[in-house]
Amino acid sequence: MIEVKNVVKEYNGFKVLDNISLKINKGMVTSFIGPNGAGKSTLLSIISRLIDRDGGEVYIDGKEIRDWDSGELARKISILKQFNHINIRLTVRELVSFGRFPYSQGRLTKEDWQKVDEAIRYMKLEDIQHKYLDNLSGGQKQRAFIAMVIAQDTEYILLDEPLNNLDIKHSVDIMKTLRRLANELGKTIIIVIHDINFASCYSDYIVVLNNGRIAEEGRVDEILREEVLENIYELKFSIQNIGNNRICVYY
Amino acid sequence: MKGHYLLIALIVLSLISLFIGVKEVSIKGVINLEYDELRILLLSRIPRLLSIIVAGMGISISGLIMQSITQNKFVSPTTAGTIDSAKLGILVSLIAYSNSSTIIKMLISFVFALGGSFLFLGILKKVKHRGAVIIPLVGIMLGSVVDSITTFFAYRNDMIQNITAWLQGDFSMIIKGRYELLYVTIPFVILAFLYANRFTLAGMGEDISTNLGLNYNRIVGIGLVIVSIISASVVITVGRIPFLGLIIPNIISIYRGDNLNTNIVPTILMGSSFLLFCDILGRLIIYPYEIPISLTVGVLGSIIFLYLLFRGNR
Amino acid sequence: MMNVKSKLYILLIAFIVLVMLFLIIGLNSYNWKYALSRRIPKIMAIILIGSSISFSSTLFQTITNNRILTPSVLGLDSLYMFIQTFIVFVFGSMKMAYLGKNFNFLVSVILMVLFSVIIFLMLFKKKNNIFFLLLFGMVFGTLFQSLTSFMQVLIDPNEFLVIQNRSFVSFNNINMDLLWIAIIGVFLTAIYIFRHIGSLDVMSLGRDNAISLGVNYDVQVKRVLIVVAVLVSISTALVGPITFLGLLVINISREFIKTYKHKYLIPGSMLIGSIILVGGQLIAERIMKFETPIGVVINFLGGIYFIYLILREGKAI
């Protein structure tokens with residue numbers, strides 16, 4: 001379990017995160033939603049130790065992140081941020097193989113390569129696995145990075161706006177894959193996501209951040225209510241039940 | 001970093017600059033149209049002021065453009081390799097045309113600088129698809145090849161100290177007849193303003209700019225030409241002035257973000273005010289002698305910029 | 001196209017051939033003892049420095065993620081020239097000769113390393129910020145350069161010749177004592193960083209991904225910077241401002257070897273660096289007969305070769 005206790009983050013006197021306390025449940029897909037600048041990406045970065053908080057603690061499986069050895073933590077939790085610009089020339093396969101670094105420090109065993117192949121299959125990248133990243137579209141690159149995170153095979157997977165740059169088909173594919181990872185492999189997924197309908201259809205739990213605080217949190221059916229969302233986004237919402245899902249219309 | 005403060009600073013500093021110097025020039029004298037004082041004003045003070053402002057604006061805007069089109073914060077106008085070609089031109093004019101007037105020597109250097117720029121652009125044309133990162137690399141490499149040629153001949157002819165002296169930033173030699181090459185810069189500064197929008201887009205990458213209908217290669221080419229011509233004319237006329245092309249755009253970007261459109265004016269204002277400030281100080285500290293501007297800029301600039309960087313690091 | 005390992009073998013062979021040429025050409029039964037006694041230390045210095053500079057430049061580019069940067073942006077060679085010019089300016093070249101090379105070497109290395117440590121500490125107090133470090137280094141570099149230029153213009157032309165000699169890299173008068181100190185220094189630094197070399201590839205993915213994959217990115221950056229500062233200081237104090245070699249070597253290495261894997265890139269660049277220096281010295285000595293500084297030869301031929309490589313690549317698309 002991931003537990004966030006009273007986390008505070010300030011930039012230039014401005015509180016980006018103001019006393020955040022949260023428990024992330026295992027085996028579920030949790031979405032962080034909220035307006036721009038709400039602090040979602042910052043929170044994700046703090047949980048995954050990419051940046052340091054100014055106050056509070058974060059516990060992963062009972063141990064505070066400062067007490068974790070970074071290499072061990074890399075086998076527990078992985079994060080993919082929004083912007084991934086790399087300067088070196090890599091093929092898809094080479095990139096995905098980096099995901100095995102926490103286990104084999106660059107010297108991959110047969111088992112590692114199996115995991116790499118699995119990840120490539122999960123993300124349907126077999127056809128382009130030997131192509132260079134700079135020859136791929138934005139969406140293909142994104143899928144390759146997600147495959148790398150999958151190859152890292154961690155219990156907790158954090159993704160910051162993974163659907164940016166993806167077309168509808170691939171967005172749906174990714175969300176379905178994340179769903180599978182949670183359902184079949186019991187992974188705990190946290191995603192920061194803009195599209196509230198994707199959050200609605202594919203997550204179990206939603207945390208709404210606004211102005212550095214948690215405005216609401218709860219199961220999908222609790223949060224996906226017109227009053228709740230109108231309050232947060234300051235827009236008129238109309239929520240329809242389509243199939244099994246709650247779909248928001250706010251255009 | 002606000003535009004208005006910088007503008008006020010520039011105007012005030014300009015006025016101060018006109019009235020400092022060894023020969024007496026006073027406000028009363030100018031108003032009464034005293035012949036001697038007006039003569040000094042016209043022959044020396046005003047040209048000097050103009051060249052400082054033009055040089056300050058030109059180099060800082062060149063740095064801004066360079067950083068934008070190469071998408072790299074660590075380049076300066078020297079990365080276009082033009083300065084090295086100008087240096088070769090200076091060597092040639094010192095050796096082969098040593099009896100010609102200064103302005104002729106300057107023109108010869110300028111021709112060399114232009115030649116270097118064309119060579120640079122020609123090479124870039126052939127390596128189009130490598131992304132923005134290749135631009136400064138080619139510039140640096142080409143510059144160092146040209147520089148090695150210059151050093152080779154300078155070493156043999158014992159001219160290294162001479163060239164170093166020429167390239168020392170110095171405004172004290174600016175009098176009518178020795179600085180007019182600088183005027184070449186002005187139309188290009190204006191051009192830079194007109195193209196600012198397009199440079200910003202080019203700075204976002206080839207894909208985005210092409211997507212928005214821009215001829216990426218042409219814009220990069222135009223930008224490099226502007227940078228080359230401005231930096232060549234300043235270096236040949238005034239010498240090398242540090243910081244303007246690299247650090248000032250970076251400071252502006254740290255405090256104001258990366259929007260070239262809104263940054264152009266503060267950049268050129270900061271460039272010229274800073275240069276003017278250093279020049280005035282250089283003329284006052286050991287009055288009636290002068291500290292060359294490259295030294296004042298180097299020392300003063302370091303202190304100011306280290307402080308600004310330190311503050312901006314929070 | 002050849003694979004990476006074959007390219008490394010080619011480089012190794014070229015290296016050995018050049019070293020042999022350097023040692024053997026012009027030897028005859030009369031002079032061989034004397035010639036070798038001069039050539040062997042020289043080639044040791046060349047290989048040592050070529051490898052150090054290449055090694056540190058490669059590492060530096062990995063942590064800065066910027067292909068046009070080399071350790072020169074840290075301002076170290078400007079500082080070196082400032083120290084040399086200052087000594088001559090204030091004390092005169094006679095005093096400098098009197099103080100001796102060893103003293104000069106030690107003072108230079110100590111000041112350069114001290115300077116690096118100070119700016120690292122200043123900037124890395126709260127968090128690592130490479131961007132600011134580089135800008136800081138560039139500002140300091142410019143400061144030293146301005147002061148140096150100013151002194152150089154004022155200096156008596158005869159004195160200036162002494163400084164001018166310092167500003168050109170030269171392997172012609174290496175002191176054996178200094179060489180041993182340098183070898184030890186380089187060896188210690190290599191050991192310090194060796195254990196952590198594996199994470200360099202991952203660091204090429206950028207800070208966020210590297211941390212996510214378990215690399216202690218910030219600590220590693222500090223480690224690399226210290227190693228770079230020490231290696232560059234030792235090399236510069238030994239032969240003069242040589243960081244320009246780094247840009248040439250790393251870019252030729254990338255174009256030629258075409259790999260991101262440091263386990264090939266590092267040895268490859270060290271070989272290329274040594275080849276360039278040995279080749280350059282051969283040309284400067286035997287063909288140009290010492291009349292041209294080796295830096296001029298290297299910049300000219302190296303720059304042209306690099307431009308050739310990228311033009312060739314351009315056509316291949």
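Reminder, nothing fancy here: chain letters follow the sequence lines and each chain counts from 1.
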request  = Go through the atoms of B:P242 and report whether side chain, backbone, both or neither lie under 4.5 Å from a heavy atom of chain C.
outcome  = both
ask   = Between C:I298 and chain B, which part of the residue has a heavy atom less than 4.5 Å away: side chain, backbone, both or neither?
value = neither
request  = Begin with the C-alpha distance, continue with both residues' side-chain angles, and end with the deciding distance and a verdict on side-chain contact (heavy atoms from CB on, under 4.5 Å) for B:I254 and C:L135.
outcome  = CA-CA 11 Å; B:I254 289 173; C:L135 285 181; 4.2 Å; yes
ask   = When rounded to the nearest 0.5 angstrom, what is the spacing between OG1 in B:T164 and CD in C:Q164?
value = 8.0 Å
key: For the student: nearest non-hydrogen atoms of C:I68 and B:P136, plus distance   = CG2-CG, 3.7 Å
ask   = Less than 4.5 Å apart, any side-chain heavy atom of C:N251 and any of B:M141?
value = yes
remark   = Cut-off 4.5 Å, heavy atoms of chain B, and the answer for C:L69 is side chain
task = Give, as side chain, backbone, both or neither, the part of C:F300 having an atom under 4.5 angstrom from any heavy atom of chain B.
result = both
note = Between the OG atom in B:S144 and the CD1 atom in C:I307, the distance rounded to the nearest 0.5 Å is 8.0 Å
query = Taking atom CD1 of B:I241 and atom OG of C:S146, what is their separation to the nearest 0.5 Å?
reply = 11.0 Å
request  = Write down the atom of C:L147, the atom of B:V299, and the distance for their closest heavy-atom approach.
outcome  = CD2-CG2, 3.6 Å
key: Between B:F74 and C:F131, ring centroids under 6.0 Å   = yes
task = Below 4.5 Å from any heavy atom of chain C, which atoms of B:L142 appear? Answer side chain, backbone, both or neither.
result = both
ask   = Within a reach of under 6.0 Å around CZ of C:F256, are more than 12 heavy atoms found that belong to other residues, nucleotides or ligands?
value = yes
ask   = Does the side chain of C:N66 come under 3.5 Å of the side chain of B:N72 through a donor N or O and an acceptor N or O?
value = yes
B:V297 and C:T142: CA distance, side-chain angles, deciding distance, side-chain contact (heavy atoms from CB on, under 4.5 Å) verdict = CA-CA 10 Å; B:V297 167; C:T142 309; over 6 Å; no
Neighbour count above 12 (heavy atom, 6.0 Å) for C:R286 CZ = yes
inquiry  = What's the separation between atom CZ in C:R254 and atom CG in B:L137, rounded to the nearest 0.5 Å?
reply    = 9.5 Å
query = Measuring heavy-atom distances to chain C, does B:R240 have an atom under 4.5 Å in its side chain, in its backbone, in both, or in neither?
reply = neither
query = Which heavy-atom pair separates C:I310 from B:V127 by the least distance, and what is that distance?
reply = O-CG1, 3.4 Å
inquiry  = Aromatic contact between C:F136 and B:F305, with the criterion being ring centroids under 6.0 Å apart: yes or no?
reply    = no
inquiry  = Using side-chain contact (heavy atoms from CB on, under 4.5 Å), reason through C:F168 and B:I160 one step at a time and then give a plain yes or no.
reply    = CA-CA 12 Å; C:F168 288 117; B:I160 298 206; 3.6 Å; yes
query = How many angstroms lie between atom CZ of B:F152 and atom CG of C:N299, to the nearest 0.5 angstrom?
reply = 14.0 Å
ask   = Would a 4.5 Å heavy-atom cut-off, applied to side chains only, mark C:F140 and B:L306 as touching?
value = yes
message = Quick check on C:L301 against chain B: is it the side chain, the backbone, both or neither that has a heavy atom closer than 4.5 Å?
response = neither
ask   = Looking only at atom types and distance, does a side-chain atom of B:Q161 sit under 3.5 Å from a main-chain N or O of C:Q152, one as donor and one as acceptor?
value = yes
request  = Count the heavy atoms belonging to other residues, nucleotides or ligands that lie under 6.0 Å from CZ of B:F118, then report whether that count exceeds 12.
outcome  = no
task = Might you work through the side-chain contact (heavy atoms from CB on, under 4.5 Å) test for C:E291 and B:Y155, ending with a clear yes or no?
result = CA-CA 9 Å; C:E291 284 164 14; B:Y155 191 72; 5.9 Å; no
task = Counting only heavy atoms closer than 4.5 Å, note whether B:D158 contacts chain C via side chain, backbone, both or neither.
result = side chain
query = To the nearest 0.5 Å, what is the distance between CZ (C:F150) and OG1 (B:T296)?
reply = 9.5 Å
Heavy-atom closest contact (B:S302 atom, C:V139 atom, distance) = CA-CG1, 3.6 Å
inquiry  = Does any backbone or side-chain atom of B:I247 lie under 4.5 Å from a heavy atom of chain C? Answer side chain, backbone, both or neither.
reply    = side chain
